[in-house]
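Proteins come first, then strands; the chains are lettered A, B, ... in the order of their sequence lines, and each starts at number 1.
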There are 2 protein chains.
Amino acid sequence: MSENVVQRLRDEIENSIISNDFAPGARLDEVQLATRFGVSRTPVREALMQLNAIGLVEIRPRRGAVVIDPGPHRIFEMFEVMAELEGLAGSLAARRFTDADRTTILAAHADCERSSSAGDSDLYYYDNERFHKAIYAASHSGFLAEQCVALHRRLQPYRRLQLRVRNRVATSFAEHGAIVEAILAGDAERARTLLRQHVSIQGERFSDLVATLASR
Amino acid sequence: MSENVVQRLRDEIENSIISNDFAPGARLDEVQLATRFGVSRTPVREALMQLNAIGLVEIRPRRGAVVIDPGPHRIFEMFEVMAELEGLAGSLAARRFTDADRTTILAAHADCERSSSAGDSDLYYYDNERFHKAIYAASHSGFLAEQCVALHRRLQPYRRLQLRVRNRVATSFAEHGAIVEAILAGDAERARTLLRQHVSIQGERFSDLVATLASR
DNA sequence: GTCCAGCATCTTGCATACAAGAATTGACCT
DNA sequence: AGGTCAATTCTTGTATGCAAGATGCTGGAC
């Protein structure tokens, strides 16, 4: 089960940060975490350094680790990059998808329809994630898929917030339909454009995000 | 200079890997590295875990760390993503560059001309790096710039190999000229396309890379 | 001669111990 | 009474020690 202590700690702390249990700016005390998880400081330090490398935590020399608070502007920048990577994944998928990829994408899309029409934004979040991962996989670029998954994970909390905005789930699902169509038609450029627009948070979607961030 | 031991170790080992002192597949023994750098195993372990997070080193549980060998295919994938990110940086730069950015880009471009006409591919490598970083900065997206710098660094050894191919330096510099023109003209889409083509290794450039990789 | 098993050794993984740099608090001076 | 400096305490950074798993070697059996 637990591969090793450090990985387990890394995941636990990462999840705590993503689920906002450790709020941005919070100080991560080594001994506190160590006692909390019943281990010594060494693996805690190693986990914190990994989170530092990922960019979730800042380690100030001799002054401890704090949870990074990416302001609205930086979140916007991350979505900008994510949009570009997803666009690339979509265009590659349109050119390279196999029969198995088609099946996986359509299945994920069908699940999205289910949770979308049910109006369950939390369930839709998971189905949506599977849908996007299916596209990453269909791109047949292992490196791109890794980058996308990593960024997707970092943006997870903000994506969830977005989906709570009225009608966003329905809109999102409608966009998925067009994306599936473009990919399966092999139209790489259209798939790229649609995915880029689907992911990027332009105009009022950005204001919505800022407003929702401020209110928690 | 040395902020702390771990950072120093991380850089030293990273450089040793990039400069091929530690070849891909080589085993990185903790005590060996510790005695070599005159420190204990703890900071060595932490440095190795950071390199693991970056993707330069693989840590197999209970079996030690080895230098990752990204095969030609994965290197191609990394260049593919890099091309996309640089394209985005170029398009943003075309829309957002300031007077200061223009000055920096033109200065870096002039330096490239110097080292290019001198035929010095090693010197050109550094000037080329500064040129690209100037574009990242002009994109005014801190996150994008960080991602680009990180990937650029990982691809460093392969870029150097590429520049050794006959006429590549001259071709590269010519492409720079068109890129500068597009950016300063504010033509975002042309800047994006040109940078994407400039960075990606299509067709015979990929065969050249594979051949050069095999011969060392 | 080759293959498998058991033991020894070596290496990693985590814990603990020790040292050095920050932060905080208290005392003294103005 | 308020500010500043110093000392203490708390926290981080590095070293060392100990236990468990992996590797390799040796010996025996087929």
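When the side-chain nitrogen and oxygen atoms of A/Arg45 are compared with OP1 and OP2 of D/dG13, one or more of them lie within a distance under 4.0 Å. Side-chain N/O atoms of B/Arg63 include none lying less than 4.0 angstrom from OP1 or OP2 on C/dT12. In terms of phosphate contacts, A/Ser40 brings a side-chain nitrogen or oxygen within less than 4.0 Å of OP1 or OP2 of C/dA15.
Within the cation-pi definition used here (under 6.0 Å to the ring centroid, within 45° of the axis), B/Arg160 qualifies as a partner of B/Tyr125.
Rounded to whole angstrom, the span from the CZ atom of A/Arg41 across to the C1' atom of D/dT16 amounts to 14 Å. The interatomic distance linking A/Leu28 (CG) with D/dC10 (C1') rounds to 17 Å, in whole Å. When the P atom of D/dA22 is taken as reference, atom CG of A/Asn4 falls 13 Å away, rounded to whole Å. Distance A/Arg60 CZ to D/dG13 P: 11 Å, rounded to the nearest Å. Between A/Met49 atom CE and C/dC14 atom P the separation is 16 Å, expressed in whole Å. To the nearest angstrom, C1' of C/dC14 lies 12 Å from CD of B/Glu30. Rounded to whole angstrom, the span from the CD atom of A/Glu46 across to the C1' atom of D/dA15 amounts to 14 Å.
Inter-residue side-chain proximity for B/His198 and B/Glu86 is flagged as unmet; no heavy-atom pair is nearer than 4.5 Å.
In this structure, A/Val39 reaches the sugar-phosphate backbone alone: every heavy-atom distance under 4.0 Å involves primed, P, OP1 or OP2 atoms, never a base.
In the set C/dG21, C/dT12, D/dT14, the nucleotide with an atom closest to the side chain of A/Arg62 is C/dG21.
Salt bridge B/Arg164/B/Asp122: present, at least one basic N to carboxylate O contact under 4.0 Å.
Judged by closest nucleotide on DNA chain C, B/Arg27 is the one of B/Thr42 and B/Arg27 placed further toward the 5' end. Both B/Asp29 and A/Gly38 sit near DNA chain C, but only B/Asp29 has its closest nucleotide nearer the 5' end.
Remark: aromatic rings of A/His109 and A/Phe173 are close, center separation under 6.0 Å.
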